[in-house]
Protein chains: 2
Amino acid sequence: MDTLEQGRCENCIIRQLNSLKALSKSELKAISDSKTTKSIKKGDTIFTEGENLNGVFCVRNGVTKLSKLSANGKDQIVKLAKKGEVLGQRSVIANQKTNLAAIALKDMEVCFIPKHKLNESINNNIEFTKEILLKMTDELKFANDMIMDLSQKTVKQRVAQILLYLNNSFDKDDEGFIGLYLTRNDISDIVGTAKEACIRTLTELKNEGFIFTQGKRIKILKPKSLLHFINGI
Amino acid sequence: MDTLEQGRCENCIIRQLNSLKALSKSELKAISDSKTTKSIKKGDTIFTEGENLNGVFCVRNGVTKLSKLSANGKDQIVKLAKKGEVLGQRSVIANQKTNLAAIALKDMEVCFIPKHKLNESINNNIEFTKEILLKMTDELKFANDMIMDLSQKTVKQRVAQILLYLNNSFDKDDEGFIGLYLTRNDISDIVGTAKEACIRTLTELKNEGFIFTQGKRIKILKPKSLLHFINGI
DNA sequence: CGACCGCTTGAAACCAATCAAAAAATGTGG
DNA sequence: CCACATTTTTTGATTGGTTTCAAGCGGTCG
């Protein structure tokens, strides 16, 4: 993990995307002075499960998966985080070891903000704390929905749902494919299913004309019908 | 839902169990004056999914399930809440409709605290806000674990896990059974499985000497071996 | 190595029927 | 009219059988 000198938080547009937008000029200055910017290569680990974090990571660029290893050795991806997301927030606030691992899916640039700076703002700026709280409620709702989907939907519906989510969350590449190229393994780790089942489902969806695939690249052809299918219509 | 006159928040021991413990004397007084206490019978609905809440419910007594209805008509129980839990917090803070329904599993007593009182304290008392934030991180972690379990564990392991959870969370009755009598339907709604599979699993666990059942009542005989089994040993 | 395919096996959903227990309604004597 | 026993109804638990779904494994291909 490379550490390089970077711009000032005050000028960083990324912060508009997250709770940091609630910070004052002076708070931003203070954070800017103590932060370090790291560049992370695809496949690199930002932190592992059970680690003690001394701060949070603000994603400036790239994508990471947040996953949890199960007893039987299979990963479950709980969330994908891209530009604007803050990693490790839960652990730092709760003052607990991380319950998730973060591994880059694309080359990334992240800013590390030390714990004490974060806590300082949490303790003094109620707007900031409220923003984090709001963010947390979002994540909780997302998790609740995921619980529902895992227990009630078929693998095919879940795969379709993930594809649609990826389609809405990541820019398309030049040829209209979803701009995040995931391995089948990663997809199955999100869906919570065996790799083969996931692959089969993808080819099914392809044969049915919902999607088009080319290696790792996936293009959604009929988002609306896909949505109907997901909801069982 | 009956409304009856009740004691003062200042004297209520329940608040030691939740974020309300961070409130000052005067804040508690203000909340006490605007709160109403309701008594709710087993099976009654506290709120439904998609409702707009004007406040939160602090559980003084009893147990409720928080569930979500899926497209195919099956409920998924996301959480059980007992004494000390605050219901509707997420929706009120995020200013959104509820994403869960709350139905009493036992006779309950809850205090309704209006939204504006809650927001007042959130806006003025940073310790309070931090407490709520902490609570939220807990719930998020719990939800993440649930996601893992649902996708990676067998029905039998999940059933065992729920039983152990119930065993640890609810007092025993006079004869040593878990003090919360759930129908098989409710258990399967927690586990995220069909009723029959759940029943079969229970009889299996019974035959294997892990548990003893008598109607709705369940007694855990070997918590340790059960734990080993859950973790796949 | 990652993507893909075929095949087998096991697990869990789904369906239908029976059985048991609890709750509601009814009836009877005091 | 009430206390209490009795019947009826409803609800939930259980079991058997069938079908569907997805996991697991082996193997091919680019």
Side-chain angles (χ1 to χ4, degrees), chain A residues 42-43 70-76 105 148-163 177-178 180-208 211-219 229 232, chain B residues 41-44 65 70-77 103 105-107 149-163 177 180-207 211-219 229 232:
Chain A
K42 176 172 171 176
S70 75
N72 55 46
K74 198 173 169 356
D75 265 331
Q76 171 69 40
L105 294 174
M148 270 281 298
D149 293 339
L150 277 173
S151 78
Q152 313 281 6
K153 291 195 168 136
T154 65
V155 166
K156 195 167 174 182
Q157 285 173 313
R158 270 143 57 198
V159 170
Q161 180 153 352
I162 294 301
L163 293 181
F177 290 90
I178 295 172
L180 178 68
Y181 311 147
L182 293 170
T183 67
R184 308 296 162 175
N185 229 319
D186 277 334
I187 298 180
S188 64
D189 284 351
I190 301 176
V191 176
T193 185
K195 189 178 46 178
E196 297 92 329
C198 175
I199 292 174
R200 237 168 294 240
T201 306
L202 282 174
T203 49
E204 262 181 60
L205 289 171
K206 184 176 185 175
N207 293 336
E208 290 162 9
I211 65 173
F212 175 69
T213 65
Q214 193 183 75
K216 282 188 181 184
R217 307 198 300 162
I218 300 175
K219 191 187 292 192
F229 169 69
Chain B
K41 292 215 189 64
K42 176 173 171 175
D44 278 0
K65 59 178 173 183
S70 75
N72 57 44
K74 197 172 169 356
D75 266 330
Q76 172 69 41
I77 297 179
I103 297 174
L105 294 174
K106 279 187 168 189
D107 289 352
D149 294 338
L150 278 173
S151 78
Q152 313 280 9
K153 293 198 166 130
T154 65
V155 165
K156 195 166 173 183
Q157 284 174 314
R158 270 142 59 199
V159 169
Q161 180 153 353
I162 294 302
L163 293 182
F177 291 91
L180 178 68
Y181 311 148
L182 294 170
T183 67
R184 307 294 143 130
N185 230 319
D186 279 333
I187 297 180
S188 62
D189 284 350
I190 301 176
V191 176
T193 186
K195 188 179 44 179
E196 297 92 330
C198 173
I199 290 173
R200 248 158 248 176
T201 305
L202 281 174
T203 46
E204 262 180 63
L205 289 172
K206 184 175 183 176
N207 292 337
I211 64 172
F212 175 71
T213 66
Q214 192 183 78
K216 284 188 179 183
R217 308 197 300 161
I218 299 176
K219 190 187 295 194
F229 169 70

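Worth saying up front: this structure is predicted, and the values here are computed from it rather than measured. Chain letters run A, B, ... following the sequence lines, proteins first, then strands; residues in each count from 1.
- Counting heavy atoms from C-beta on, the side chains of B:Thr201 and B:Val191 never come closer than 4.5 Å.
- Among B:Ile162, B:Thr193, B:Asp75, the single residue meeting the side chain to side chain contact (heavy atoms under 4.5 Å, CB included) criterion with B:Ser188 is B:Thr193.
- A:Val155 places a side-chain heavy atom less than 4.5 Å from the side chain of A:Arg158.
- Under the 3.5 Å distance criterion, with hydrogens and angles disregarded, no donor-acceptor pair is assigned to the side chains of B:Asn185 and B:Thr183.
- Only one option out of A:Leu163, A:Ile178, A:Val159 pairs with A:Ile211 in a side chain to side chain contact (heavy atoms under 4.5 Å, CB included); it is A:Leu163.
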Output a table of nitrogen or oxygen pairs between the protein and nucleotides 12-16 of chain D separated by less than 3.5 Å.
from, atom 1, to, atom 2, distance (Å)
D:dA13, OP1, B:Arg184, N, 3.1
D:dA13, OP2, B:Arg184, N, 3.2
D:dT14, OP2, B:Arg184, NH1, 3.0
D:dG16, N7, B:Arg200, NH2, 3.0
D:dG16, O6, B:Arg200, NH2, 3.0

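- Qualifying salt bridge (charged side-chain N to carboxylate O under 4.0 Å, His left out) partners for A:Glu196, counting only residues two or more places apart in sequence or in other chains: none.
- Enclosure of atom NZ in B:Lys219 by more than 12 non-hydrogen atoms of other residues, nucleotides or ligands within 6.0 angstrom is indicated.
- In this entry the distance linking CD of A:Gln157 with P of D:dT20 reads 17 Å, nearest Å.
- Nearest approach of B:Asp189 to B:Gln76, heavy atoms of both residues: O-NE2, 3.3 Å.
- In summary, contact between chain A and DNA chain C, defined as any nucleotide atom under 4.0 Å from a heavy atom of the protein, begins and ends at C:dA3 to C:dC7 in the 5' to 3' direction.
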